[in-house]
Amino acid sequence: MDVSDLGEFGLIEHLRAALPAATSDRLIVGIGDDAAVWRNGDACTIATTDTMVAGVHFLPGVVAWRDVGWKALAVNVSDIAAMGGTPAFALVTLCLPPAMPVDDVDALYAGLRECADAHGVAIAGGDIVSAPVFAITIALTGDAAHDAGGVPLLLRRGAARPGDLVAVTGVLGGSAGGLRALVDGAPAIDATRRLVARHMRPQPRIDAGRAAVAAGIVCGIDISDGLAQDLGHICEASGVAADLRLDRIPLDADLAPIWPDDAVTMAAAGGEDYELLLVGAEDAIARASTALATALTVVGRIVEGAPRVRLLDAGSAEVTLASSGWDHLKKGRPA
């Protein structure tokens with residue numbers, strides 16, 4: 001057996017079982033959520049890490065290094081947003097081929113700084129190592145809000161309950177469209193340029209995460225692996241099932257005119273939109289919707305049953321998508 005037999009999420013569970021059970025009374029959230037959370041005196045620290053590898057997460061020579069720098073930090077900021085927190089400090093590890101031009105590193109850091117400035121992140125240090133292929137790893141910490149009693153306000157994957165509504169911020173599918181445009185070499189028209197920008201310059205929903213916890217929502221995740229698959233992560237963690245209405249998914253306006261037959265699949269399973277998927281009671285979703293600057297669209301409901309996501313069309317018939325979402329390792333899964 002190799003790691004591709006397990007897949008990314010199977011490997012996570014395999015490794016979790018290999019580690020000792022967390023015994024620190026400071027640890028609030030461990031393996032299995034968008035980020036870890038631990039107590040730091042009277043405060044709570046949220047921490048996450050993510051890696052981008054040339055040829056796996058982006059196409060070197062096709063996309064701009066400045067955009068790579070932006071995205072490398074933005075995906076980590078999105079994890080903090082998915083917990084309802086505020087990003088603070090980042091550590092950056094660069095794995096660099098010795099022949100990499102310094103101009104490319106400068107451009108990378110220009111994009112990294114742009115993202116840091118946009119989201120109030122301080123780059124506090126890091127590491128540089130030689131490697132046969134470029135990779136960048138960022139570790140990011142953030143702060144959690146608290147209620148009047150000092151209890152941290154967090155979005156968790158395991159907090160969904162039957163009857164809860166499933167809602168998403170913004171529009172979906174733009175990142176999948178941008179990746180497809182890059183891979184296919186689609187004509188550089190205004191629509192494809194916008195889609196590529198959504199793929200390489202995601203906009204983390206920090207304000208939406210904070211508004212969600214303030215509204216009383218306690219369950220959420222960012223949409224990185226694809227809406228259907230990320231909703232599946234919530235179902236697995238919460239021990240519930242979900243009905244997802246494909247006809248209600250808010251589609252990126254640039255998708256359907258270019259790929260009319262694939263737009264819904266790209267929005268449901270494409271991934272890397274880095275919008276937030278929020279799950280909560282109807283009144284809490286309504287409060288959050290009123291507070292948000294971006295649209296919040298109800299796309300489904302949590303139901304009782306074994307963990308699964310049932311995909312429904314406009315007539316409430318169950319359908320199957322050709323793609324289920326992103327998995328770094330699984331054989332036969334899209335990359």
Side-chain angles (χ1 to χ4, degrees), residues 3-4 8 11-12 15 18-19 30-31 33-38 40 45-83 85-143 175 178-179 182-183 196-197 199-204 206 222 224-225 271-272 274 326-329 335:
V3 294
S4 66
E8 177 185 356
L11 182 60
I12 290 172
L15 295 176
L19 294 173
I31 298 171
D33 237 298
D34 282 275
V37 184
W38 58 79
N40 185 13
T45 296
I46 306 172
T48 187
T49 186
D50 216 319
T51 298
M52 287 180 63
V53 180
V56 177
H57 301 93
F58 68 94
L59 301 170
V62 176
V63 299
W65 283 106
R66 196 179 190 111
D67 292 341
V68 174
W70 174 283
K71 188 172 183 177
L73 180 56
V75 300
N76 285 275
V77 172
S78 184
D79 280 339
I80 302 294
M83 301 296 290
T86 302
F89 299 101
L91 300 175
V92 181
T93 296
L94 295 179
C95 301
L96 301 179
M100 184 169 179
V102 173
D103 285 350
D104 291 347
V105 179
D106 288 343
L108 175 83
Y109 260 67
L112 188 65
R113 179 174 179 177
E114 282 183 84
C115 188
D117 290 345
H119 300 295
V121 174
I123 307 297
D127 191 21
I128 297 174
V129 299
S130 175
V133 63
F134 170 87
I136 178 171
T137 296
I138 292 180
L140 180 66
T141 65
D143 303 311
S175 179
L179 177 59
L182 288 168
V183 172
V196 169
H199 178 63
M200 290 305 303
R201 291 235 169 187
Q203 304 297 320
I206 301 170
D222 69 339
S224 56
D225 298 324
E272 292 205 307
Y274 296 103
W326 174 276
D327 187 308
H328 283 276
L329 299 173

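This one's a predicted model, so the numbers in the text were calculated from it and none came from an experiment. The analysis underlying the following values was restricted to heavy atoms, covering all of them including side chains, and did not include hydrogens, waters or symmetry mates.
- Under the 4.5 Å side-chain criterion, counting only non-hydrogen atoms from C-beta, L179 is in contact with V183.
- D34 places none of its side-chain heavy atoms less than 4.5 Å from the side chain of T48.
- Rounding to the nearest 0.5 angstrom, the gap separating the CD1 atom in I138 from the CG atom in L73 is 5.0 Å.
- S78 and D222 are linked by a side-chain donor-acceptor pair at a separation below 3.5 angstrom, with hydrogens and angles left out of the test.
- Salt-bridge check for K71 with D67: failed, with every basic side-chain N at 4.0 Å or more from each acidic carboxylate O.
- Surrounding CD1 of I128 are at most 12 heavy atoms belonging to other residues, nucleotides or ligands under 6.0 Å away.
- A donor-acceptor contact shorter than 3.5 Å is absent between the side chain of W65 and the backbone of D103.
- The minimum heavy-atom distance linking P60 with G55 is given by the pair CD-N, 3.5 Å.
- Interatomic distance, NE2 of H57 versus CE of M200, reported as 11.5 Å (0.5 Å rounding).
- The shortest distance between side-chain heavy atoms of V63 and L182 falls below 4.5 Å.
- Annotation: the span from I136 atom CD1 to Y109 atom OH amounts to 6.0 Å, rounded to 0.5 Å.
- Here the shortest heavy-atom pairing between G85 and I206 reads O-CG2, 3.7 Å.
- P97 places a side-chain heavy atom less than 4.5 Å from the side chain of F134.
- By the 4.5 Å heavy-atom criterion applied to side chains, V92 and L112 are counted as neighbours.
- The closest donor-acceptor contact from the side chain of S224 to the backbone of Y274 lies at 3.5 Å or more, if one exists at all.
- Looking at every heavy atom in both residues, I46 comes nearest to A35 through CG2-CB, 3.5 Å.
- Using a 4.5 Å heavy-atom cutoff, the side chains of W70 and Q203 are in contact.
- Here the closest non-hydrogen pair linking V37 and M83 is CG2-CE, 3.7 Å.
- The closest side-chain heavy-atom distance from V121 to L140 is below 4.5 Å.
- Crowding of R113 atom CZ: a count of heavy atoms from other residues, nucleotides or ligands under 6.0 Å not exceeding 12.
- For the residue pair A124 and L91, the shortest heavy atom distance occurs at C-CD2, 4.0 Å.
- A donor-acceptor contact closer than 3.5 angstrom is absent between the side chains of T93 and T137.
- Shown here for P98 and S130, the closest heavy-atom pair between the two residues is CG-OG, 3.6 Å.
- To the nearest 0.5 Å, the span separating NE2 on H119 from CD on E114 amounts to 10.5 Å.
- Remark: side-chain polar atoms of N76 are paired, donor with acceptor, to backbone N or O of D50 under 3.5 angstrom.
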